[in-house]
Undergrad: 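What follows is a structure written as structure tokens; I'll ask about it next.
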Protein chains: 2
Amino acid sequence: MTIDPTGATPPVGIASPASLAVSTVIFALRPDPVTSIMTLWLPLVRRIRQPHLGLWALPGGWLPEDEELGAAAGRTLRETTGLSPKYLEQLYTFGGIGRSPGTRVVSVVYWAMVESEEAARTAVGENVRWFPADHLPELAFDHNTIVEYAQWRLRTKVEYSRIAHAFLGETFTLAQLREVHEAVLRKPLDPANFRRMIEASKVVVATEERLAGAPHRPPRLYRYDSSIDLADQGPLGPAIIGSAL
Amino acid sequence: MTIDPTGATPPVGIASPASLAVSTVIFALRPDPVTSIMTLWLPLVRRIRQPHLGLWALPGGWLPEDEELGAAAGRTLRETTGLSPKYLEQLYTFGGIGRSPGTRVVSVVYWAMVESEEAARTAVGENVRWFPADHLPELAFDHNTIVEYAQWRLRTKVEYSRIAHAFLGETFTLAQLREVHEAVLRKPLDPANFRRMIEASKVVVATEERLAGAPHRPPRLYRYDSSIDLADQGPLGPAIIGSAL
DNA sequence: GCAAAAGTGTTAGCCGTACACCCATGC
DNA sequence: GCATGGGTGTACGGCTAACACTTTTGC
């Protein structure tokens, strides 16, 4: 009986049972090329090795011995896509035996959000490209499943926590914030009720500035109130917010 | 640039960056020895190796190359505690660099629930013991943090999903089901409103049997309706329910 | 009959939804 | 001034909390 739970000594007599990788599902809001409506997009990288050479996959890499899990997720996505996430949180660990041909690979997967402006700045090349989240090609490994799960998590979490501002810049209008919710939840929201819901949650504070230029009444700009977070994130805390990677 | 996200080939030139372990937080409901009120308990195993020799820890073990993550969690907890969980779900992956002296250990942690009767049958020995969840001793590694997080997950999940029946046997009274909710949420619930809430959710079906023996009106026995599960468990599905390990 | 828990009924308040309506700006 | 989105007011319906009340058993 080998009772050595989560212990420190490596498995005696067992040589490297599985390889440990870290991957990230990154979300950003970008306008649909034809309708201009904001929808969910995510960047993928083309595989330049076997297996699944040529297929699109989530950015990621192997876990170095001296790097924290979240830090490794942030680093690999910055190295491969050039993006700096505003929010990063562990999603799930995928370790199915058959998920990768050859050696067993266990992937600790994170999910992240980047601002729309940051996403627009990204270098898009032959091996990095943005895809609309609900029209993905066939991905490498089990990455289609992973993306599905990440989208589900994003949708549920937008409703009970207030993470939507991670898609936006420092200041934003309530219409922009509503646009985020609508894109994630894939349904229109009543502007009046949305305003009251956000005001009641107290997660935003009004600034004195207004956004001019449009042929309507100029909307007020708001700022996220970092001192308040109503969502009970649990004893682990809410992962990395801001560019504190 | 090593782009090989979640890939198949082991890290080239990097020898076994971290050891992979699997641990489980197991919950059961047992009566408080003095007040007889049902509260949350969990079984721990005493460490019989360094580091943290002698301290109590979560049951677990190393991940074999040919075993699924959930299966390994179920097997190790059965081997160390003799318990068969009725519900098992991945909790979180802990991989902090300093969490274990010596080699880097990444632990994929699961959480589980066992029936009260099953828990009562368990062999309790020198190296396996039940502890009340809110009066734990100092545990090995970061296991205190892990248990905290698991309790938080259990509390939140009891409210939006209907997993409380995993603590109970095949049939149960609504008072017993309410007792589960009260123990997990640590607050009393109105019997009348609880009844209506459960009936509205349609997760239980009434049987014709009643529980006699007490000096009151005998309560009706209910059964869990496996065909209905209102909680949106996401694309990954709800982990293992029943003894299908 | 009496105590105690099972089970039913009723009411008040809160909250999400729907929608009518006024406000302010560019053209 | 007119179209359009920003912003406010209000009323309805469903859900939950609180609690009175009836039912059914063992003693």
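Letters A, B, ... mirror the listed sequences (proteins, then strands); counts begin at 1. Treat the numbers as computed from the prediction; the structure is a model and nothing was measured.
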Undergrad: Suppose we call two aromatic rings close when their centres sit under 6.0 Å apart. Are A:W56 and A:F131 close by that rule?
TA: yes

Undergrad: Name the one of A:V109, A:T24, A:L139 that satisfies side chain to side chain contact (heavy atoms under 4.5 Å, CB included) with A:I146?
TA: A:V109

Undergrad: Please pick, from D:dT24, D:dG7, C:dG9, the nucleotide with the shortest atom-to-atom distance to any side-chain atom of A:R210.
TA: D:dG7

Undergrad: When the distance from CG of A:N193 to C1' of C:dG16 is rounded to whole Å, what number comes out?
TA: 7 Å

Undergrad: If I take atom CD in residue B:E199 and atom C1' in nucleotide C:dA6, what distance separates them, rounded to the nearest angstrom?
TA: 12 Å

Undergrad: Among B:V128, B:L42, B:I26, B:T76, whose side chain to side chain contact (heavy atoms under 4.5 Å, CB included) with B:P59 holds?
TA: B:I26

Undergrad: For the backbone of A:Y110 and the side chain of A:E89, can you confirm whether one donor and one acceptor N or O come within less than 3.5 Å of each other?
TA: no

Undergrad: Taking the side chain from A:H181 and the backbone from A:L177, do they hold a donor-acceptor pair closer than 3.5 Å?
TA: yes

Undergrad: Please tell me if A:R195 has a side-chain N or O lying less than 4.0 Å from either OP1 or OP2 of D:dG7.
TA: yes

Undergrad: Which dot-bracket notation, 5' to 3', represents the base pairing of DNA chain C when pairs are defined as Watson-Crick or G-U with both distances under 3.5 Å, crossing pairs as [ ], and inter-strand pairs as |?
TA: |||||||||||||||||||||||||||

Undergrad: Just call it for B:R220: base, sugar-phosphate, or nothing, with non-hydrogen atoms closer than 4.0 Å on any strand.
TA: sugar-phosphate

Undergrad: Check whether the ring centres of A:F172 and A:Y222 lie less than 6.0 Å apart, and answer yes or no.
TA: no

Undergrad: Describe the nucleic acid contact of B:A212 in one word from base, sugar-phosphate, nothing, applying a heavy-atom distance below 4.0 Å.
TA: nothing

